[in-house]
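Everything below concerns the one structure shown next.
For ligands, and for the atoms within them, numbers begin at 1 and follow the listed sequence. Throughout, numbering of the chain's residues begins at 1 and tracks the sequence.
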Amino acid sequence: MPHIQPSGELTLRTLAMPRDVNVNGDIFGGWVLSQMDIAAGITAGARAAGRVATVAVDAMKFIRPVRVGDVLCIYCQVARVGRTSLAIEIEAWVLRDRQGDREKVTEAVFTFVAIDGEGRPRPVDG
Ligand SMILES: CC(=O)SCCNC(=O)CCNC(=O)[C@H](O)C(C)(C)COP(=O)(O)OP(=O)(O)OC[C@H]1O[C@@H](n2cnc3c(N)ncnc32)[C@H](O)[C@@H]1OP(=O)(O)O
């Protein structure tokens with residue numbers, strides 16, 4: 001079996017806490033999605049040199065559950081730059097129980113729009 005590595009830059013690391021569990025006792029998918037939005041927003045904001053807003057969440061796949069005590073590691077890369085929008089590919093991996101095996105748990109593509117002070121689209125490259 002090939003040794004699969006994360007794609008992209010490690011942008012955010014955080015610990016899954018008991019307050020974020022769902023009724024199954026695993027971590028709530030919405031919490032994972034919000035961490036991905038934060039991480040991708042950092043990457044998009046850096047590329048667009050300013051404010052960005054999430055306009056679309058595509059190709060979201062929940063591959064494996066996240067559990068309390070896992071370290072969530074989010075990797076991002078810019079996949080496409082348009083006139084006012086940019087797409088960020090995101091992979092979320094965990095280190096099981098803080099230090100164990102590394103597993104990919106989710107992936108997605110988020111689209112951001114560069115916005116000005118009034119919240120209107122502006123060119124990514126000024
Ligand atoms: C659930 C939440 O609370 S998400 C929270 C954060 N997000 C928000 O609040 C954003 C709310 N949305 C908005 O304010 C507006 O949609 C804006 C300002 C982001 C964009 O305004 P729009 O009038 O849609 O802009 P417009 O039609 O000019 O499109 C802007 C760019 O986004 C792209 N775009 C718009 N909608 C989508 C979409 N669903 N998927 C992919 N790209 C899209 C367009 O193709 C265009 O890209 P380009 O300039 O690179 O060619």
### Task
Just jot down the ligand 1 atoms closer than 4.0 angstrom to any heavy atom of Gly119, in number order.
18 (C)
### Query
Under 4.0 Å from atom 13 (C) of ligand 1, is there any protein heavy atom?
no
### Task
Name the closest protein heavy atom to atom 51 (O) of ligand 1, giving the residue it belongs to and the distance to 0.1 Å.
Arg83 N, 4.2 Å
### Message
Pairs of nitrogen or oxygen atoms closer than 3.5 Å, one from Ser85 and one from ligand 1: do any exist?
### Response
yes
### Query
After noting the C-alpha distance and the side-chain angles of Ser85 and Arg80, does the key distance pass the side-chain contact (heavy atoms from CB on, under 4.5 Å) rule?
CA-CA 8 Å; Ser85 69; Arg80 180 190 61 78; 3.4 Å; yes
### Task
Among all protein heavy atoms, pick the one closest to atom 19 (C) of ligand 1 and tell me residue, atom and distance.
Val113 CB, 3.8 Å
### Message
By the definition side-chain contact (heavy atoms from CB on, under 4.5 Å), identify the one residue from Thr106, Thr11, Ile74, Leu33 that meets it with Ile90.
### Response
Ile74
### Short N or O distance, Thr84 and ligand 1, threshold 3.5 Å exclusive
yes
#### Entry: Heavy atom of protein closer than 4.0 angstrom to atom 5 (C) of ligand 1
no
### Task
Check whether more than 12 heavy atoms from other residues, nucleotides or ligands sit under 6.0 Å from atom CZ of Arg13, and answer yes or no.
no
### Message
Below the 3.5 angstrom mark, is there an N/O of Thr111, backbone or side chain, next to an N/O of ligand 1?
### Response
no
### Query
So which heavy atom on Val52 is nearest to which on Gly41, and how close?
CG2-O, 4.0 Å
### Message
Yes or no, since that's all I need: does a protein heavy atom fall within a distance strictly under 4.0 Å of atom 17 (C) of ligand 1?
### Response
no
### Query
With a 4.0 Å cut-off, strictly under, does atom 24 (O) of ligand 1 pick up any protein heavy atom?
no
### Message
Could you check whether atom CG of Asn24 has more than 12 heavy atoms from other residues, nucleotides or ligands sitting under 6.0 Å from it?
### Response
yes
### Message
Quick check on atom 27 (O) of ligand 1 - does any protein heavy atom sit closer than 4.0 Å to it?
### Response
no
### Message
Quick one, Lys104 and Ile4 - any side-chain contact, counting heavy atoms below 4.5 Å?
### Response
no
### Message
Do Trp31 and Met60 land in one hydrophobic cluster if side-chain heavy atoms of ILVMFWY residues count as linked below 4.5 Å?
### Response
yes
### Summary
For Gly82, the atoms of ligand 1 under 4.0 Å from one of its heavy atoms are 50 (O)
### Message
For atom 8 (C) of ligand 1, is there a protein heavy atom at a distance under 4.0 Å?
### Response
yes
### Min side-chain heavy-atom separation Val21-Ile27 under 4.5 Å
yes
### Query
Which residue from Val55, Val57, Val52, Leu86 reaches closest to atom 36 (N) of ligand 1 through any of its heavy atoms?
Val55
### Task
Might you check, step by step, whether the distance between atom 32 (O) of ligand 1 and some protein heavy atom is under 4.0 Å?
yes
### Task
Please determine if Asp70 and Arg102 form a salt bridge, counting it only when a charged side-chain N lies under 4.0 Å from a carboxylate O.
no
### Message
In the complex you have, is atom 2 (C) of ligand 1 within reach of the protein, judged by whether a heavy-atom distance drops under 4.0 Å?
### Response
no
### Close-contact set for ligand 1 against Thr54 heavy atoms, below 4.0 Å
6 (C), 7 (N), 8 (C), 10 (C)
#### Entry: For Ala56, atoms of ligand 1 separated by under 4.0 Å from a heavy atom
38 (C), 39 (N), 40 (N)
### Query
Do Trp93 and Ile63 come within less than 4.5 Å of each other through their side chains, counting heavy atoms only?
no
### Query
What about Arg80: any of its N or O atoms under 3.5 Å from an N or O on ligand 1?
no
### Any Val94 side-chain heavy atom under 4.5 Å of Leu72 side chain
yes
## Note on the structure
Here the gap from Glu107 atom CD to Glu89 atom CD, rounded to the nearest 0.5 Å, amounts to 9.0 Å
### Query
What protein heavy atom sits nearest atom 22 (P) of ligand 1, and how far off is it?
Pro121 CG, 4.4 Å
